[in-house]
Amino acid sequence: MSETIFSKIIRREAPAKIVHEDELTMAFHDINPKAPIHILIVPKKPIPTLADVSEEDLPLISHIHKVAQTLAKAYECEGWRLVVNVGEKGGQEVFHLHYHFLGWPKE
Ligand code: 5GP
């Protein structure tokens, strides 16, 4: 898999507004937000797409969902959405697996 901007952000070689980091993931604000809160949850393991996830990665996928719950609480979201674009036809632009966390906070 070729290097993406997300690998550089994970290594802190490119700037990003990082809001969460643990041993498996990093989460940072999307540069072009599509919702009041738009955060990308990115595994540190450079898996290109959701279609490339294997059985051994399932704990990581589960962990990403836990991170999403944590973000929803931290940002007091009344509603939120997790989106994964898969492949060019699916709207994927960056080929390093990422979940879009789109949140709408309480008014
Ligand atoms: P995709 O279309 O691959 O599902 O989503 C890629 C997302 O990455 C887009 O929403 C885009 O705005 C975001 N993005 C692209 N380049 C950068 C960057 O350099 N920094 C940040 N924070 N987000 C980026």
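Atom set for the values below is all heavy atoms of this structure, side chains included, hydrogens, waters and symmetry mates excluded. Read the numbers this way: they start at 1 and go in the same order the structure lists the ligands and their atoms.
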query = In the protein, which heavy atom is nearest to atom 12 (O) of ligand 1, and how far is it?
reply = Asp30 OD1, 2.6 Å
inquiry  = Judged on heavy-atom distance to atom 23 (N) of ligand 1, which of Ile39, Val83, Thr49, Ile31 sits nearest?
reply    = Ile31
ask   = Is it true that a side-chain atom of Lys8 and a backbone atom of Glu3 form a donor plus acceptor pair closer than 3.5 Å?
value = no
note = Closest to atom 2 (O) of ligand 1 among protein heavy atoms sits Gly91 O, 2.8 Å
request  = Could you tell me whether a side-chain N or O of His98 sits under 3.5 Å from a main-chain N or O of Asn85, the two making a donor and an acceptor?
outcome  = no
task = Answer yes or no for Lys17: is there a heavy-atom contact with ligand 1 below 4.0 Å?
result = no
message = Only heavy atoms of Phe28, strictly under 4.0 Å: list the atoms of ligand 1 that pass.
response = 22 (N)
inquiry  = Looking only at protein heavy atoms, which one is nearest to atom 3 (O) of ligand 1, and what is the separation?
reply    = Glu93 N, 2.6 Å
query = Can you check whether His29 has an N/O within less than 3.5 Å of an N/O in ligand 1?
reply = yes
task = Consider ligand 1: state whether an atom of it lies below 4.0 angstrom from any non-hydrogen atom of His98.
result = yes
message = Check this for me: Glu88, atom CD, are more than 12 non-hydrogen atoms of other residues, nucleotides or ligands nearer than 6.0 Å?
response = no
query = Just wondering, more than 12 heavy atoms not from Glu76 lying within 6.0 Å of its CD?
reply = no
query = Which ligand 1 atoms are under 4.0 Å away from a heavy-atom of Phe6?
reply = 8 (O)
key: For His100, the ligand 1 atoms whose distance to one of its heavy atoms is below 4.0 Å   = 1 (P), 4 (O), 5 (O), 7 (C), 10 (O)
Nearest option to atom 19 (O) of ligand 1, as decided by whichever heavy atom of Thr4, Ile5, Asn85 sits closest = Ile5
note = For Val94, the ligand 1 atoms with a heavy-atom partner under 4.0 Å come out as 3 (O), 6 (C)
Approximate separation, where rounding is to 0.5 Å, of Asp30 CG and Leu102 CG = 8.5 Å
message = Quick check: closest heavy atoms across His96 and Ser7, and the distance to 0.1 Å?
response = ND1-OG, 3.6 Å
query = Got a sec, which residues hit salt bridge (Lys or Arg N to Asp or Glu O under 4.0 Å) with Lys45, two or more places apart in sequence or on another chain?
reply = Glu56, Asp57
key: Which of the ligand 1 atoms, numbered from 1, are nearer than 4.0 Å to a heavy atom of Asn32   = 12 (O)
request  = Taking all non-hydrogen atoms of both residues into account, name the closest pair between Trp104 and Ala35 and its distance.
outcome  = CZ2-CB, 3.8 Å
inquiry  = Would Ala16 count as a contact residue for ligand 1, given that I'm defining contact as a non-hydrogen atom of the residue lying under 4.0 Å from a ligand atom?
reply    = no
inquiry  = I need the single residue from Ile64, Leu97, Val19 that forms a side chain to side chain contact (heavy atoms under 4.5 Å, CB included) with Ile41. Which is it?
reply    = Ile64
